[in-house]
Amino acid sequence: MLAHIVQKTLAVSRESPRALAVGLFALFYPPSCAHCHARTARHAALCPPCWSRLPFIERPFCEVFGTPFAHDPGDGMVSGEAIAHPPVFDRLRSVALHDGIARDLVHDLKYRDRGDLAPMMAGWMARAAAGELALADGIVPVPLHRTRIFRRMFNQSAELGRHLAALTDVAFLPQVLVRRKRTEQQVGLTANARALNVRGAFVVPKEMQDRVFGRRLILIDDVYTTGATVSAATTALKKAGAADVTVLTFARAVSGPI
C-alpha cells in the first residue's frame, strides 16, 4: 500500500514539482484535527465533533462590543456596557467565546509554538469581520516588547495579522505601532491593574504616522479580556490620527449572552 502511494505521488510529480511536495507532506503528515488530532479530510481544520463544540459568536450581538445578545433586539442595537462605558476603539469583533476549544487554540498558538494554527484561525477572523475588512486600509498587530519577542521568538498577534492580510489583500502594517514600555504579564492582574500596566505602552513612530493618519485600521490581538491592551494601542493609533479602529480578536472573554 505504501509503495503504491509513493509510485502514484512520483507519477504526479513528473507534471508538477509542487504536487510532489504536497504528496510527500500528506504521506508523512496526514491531515488531522487541529485540536484533538483525529484524522480529517484536509489540513488546518477541525474534526466534526470539535467543530460542533467551538463557541462561535454569531449575530445578534452588540454593534460596538460584539457581545452576543440572548434575544434579537433589532438592527444596530448596542449593549448597556457600550452606552455606559464607550470604548476608545470603534468596534470589537471576535470569532468565538474564550472557552473550551477556542481557549485551547489560543493557548496552543501563544504558548506551545503552534504557528500552524495561525492560518486557520485567521480564516475565521476574516469571516468574523468581513464587512470591516472590506473597508480597511491596513492591518496592525498588537506588538510585543523586543525583550519578549527575544524570549518567545514570535508574536502570535503578528502571525494572525500576517495571514489575515494574505487572505484579504489588506496592507499588513506591523511597523506602525511600537511597544516602547516593557509591561508585566496581564494574566492574573485586576482590570484596573491591567489598565495601569499598559498605559502609555504604545506609540506610533513619527516616520510611520503618514501610514496611520486618516486611515481605517484593523487592530489584531489573539484574545480580548478586559480590553486594557487594545484600548492602550487604540489610543496611540487615534493620537496619530487614525480615523477608525476595529479591534479584531480570535477569542473574546465573556460570561455569556446578555
Side-chain angles (χ1 to χ4, degrees), residues 57 61-67 76 78-79 81-95 98 121-122 124-145 155-165 167-181 183 186 191 194-195 197-254:
I57 295 175
F61 53 66
C62 168
E63 290 298 324
V64 175
F65 277 110
T67 310
V78 299
S79 61
E81 179 187 12
I83 296 171
H85 305 288
V88 293
F89 48 82
D90 293 276
R91 66 197 63 80
L92 168 67
R93 297 291 181 264
S94 302
V95 172
H98 190 231
M121 295 165 72
W124 293 333
M125 292 168 75
R127 172 182 174 272
E132 291 75 20
L133 283 161
L135 301 173
D137 299 305
I139 292 171
V140 180
V142 171
L144 292 177
H145 191 267
N155 177 359
Q156 72 279 356
S157 299
E159 284 299 291
L160 292 170
R162 181 170 64 87
H163 288 288
L164 184 63
L167 287 170
T168 60
D169 290 327
V170 178
F172 183 46
L173 306 174
Q175 302 92 354
V176 304
L177 192 62
V178 174
R179 197 171 196 136
R180 62 181 176 183
K181 175 184 172 184
T183 56
Q186 295 282 71
R194 284 173 179 247
N197 188 36
V198 294
R199 180 179 294 176
F202 303 98
V203 65
V204 176
K206 288 184 179 180
E207 65 272 18
M208 292 291 171
Q209 290 185 1
D210 63 336
R211 307 289 301 273
V212 171
F213 187 84
R215 306 298 177 91
R216 299 178 65 92
L217 302 174
I218 308 292
L219 180 65
I220 302 296
D221 207 358
D222 54 347
V223 60
Y224 180 97
T225 49
T226 65
T229 299
V230 293
S231 293
T234 298
T235 297
L237 293 171
K238 289 289 185 85
K239 186 177 180 180
D244 185 277
V245 176
T246 294
V247 173
L248 175 57
T249 69
F250 179 76
R252 162 81 198 274
V254 64

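In this chain, residues are counted from 1 in sequence order. These numbers were taken from a predicted model, which means no experiment stands behind them.
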**Student:** Which atom names give the shortest non-hydrogen contact between G66 and I57, and what distance separates them?
**Tutor:** O-CG2, 3.7 Å
**Student:** Which atoms form the tightest heavy-atom contact between L237 and V212, and what is the distance?
**Tutor:** O-CG1, 3.5 Å
**Student:** Would you check if Q156 and V223 make a side-chain contact, meaning some heavy-atom pair closer than 4.5 Å?
**Tutor:** no
**Student:** Can you give me the closest heavy-atom contact between G161 and F172, atom names plus distance?
**Tutor:** C-CE1, 3.6 Å
**Student:** Report yes if the side chains of P87 and V64 come closer than 4.5 Å at any heavy-atom pair, otherwise no.
**Tutor:** yes
**Student:** First locate atom CD1 of I220, then atom CG of L173, and finally report the distance between them rounded to the nearest 0.5 Å.
**Tutor:** 11.0 Å
**Student:** To the nearest 0.5 Å, tell me how far Y224 OH sits from S231 OG.
**Tutor:** 5.5 Å
**Student:** Applying side-chain contact (heavy atoms from CB on, under 4.5 Å) to L219 and L177, what does each step give before you reach the verdict?
**Tutor:** CA-CA 10 Å; L219 180 65; L177 192 62; 4.2 Å; yes
**Student:** Establish, from distance only, whether the side-chain atoms of R216 and T246 form a donor-acceptor pair under 3.5 Å.
**Tutor:** no
**Student:** Using a strict 4.0 Å threshold on nitrogen-to-oxygen distance, state whether D137 and R211 make a salt bridge.
**Tutor:** no
**Student:** Between R252 and F65, is there a donor-acceptor pair closer than 3.5 Å when you use the side chain of the first and the backbone of the second?
**Tutor:** yes
**Student:** Within this structure, what is the CG-CD distance for the pair L92 and E63, rounded to the nearest 0.5 Å?
**Tutor:** 11.5 Å
**Student:** Are any non-hydrogen side-chain atoms of D244 and R91 less than 4.5 angstrom apart?
**Tutor:** yes
**Student:** Using side-chain contact (heavy atoms from CB on, under 4.5 Å) as the criterion, point out the one residue from L217, T234, V204 that pairs with V140.
**Tutor:** L217
**Student:** For residues D221 and L160, report the shortest heavy-atom separation together with the two atoms involved.
**Tutor:** O-CD1, 4.4 Å
**Student:** Run F202 and T229 through side-chain contact (heavy atoms from CB on, under 4.5 Å) and show every step you take.
**Tutor:** CA-CA 9 Å; F202 303 98; T229 299; 3.9 Å; yes
**Student:** List the atom of M125, the atom of L133, and the distance in Å for their closest heavy-atom pair.
**Tutor:** O-CD1, 4.3 Å
**Student:** Please check this pair: side chain of R179 against backbone of V203, looking for a donor-acceptor N/O pair closer than 3.5 Å.
**Tutor:** no
**Student:** Search all heavy atoms of V230 against all heavy atoms of F89 and return the closest pair with its distance.
**Tutor:** CG2-CE2, 4.1 Å
**Student:** Which distance, rounded to the nearest 0.5 Å, do you find between the CG of L164 and the CD1 of I218?
**Tutor:** 8.0 Å
**Student:** Return the CZ to CG distance between R162 and N155, rounded to the nearest 0.5 Å.
**Tutor:** 11.0 Å
**Student:** Could you grab the distance from atom CD1 of I139 to atom NE2 of H163, nearest 0.5 Å is fine?
**Tutor:** 12.0 Å
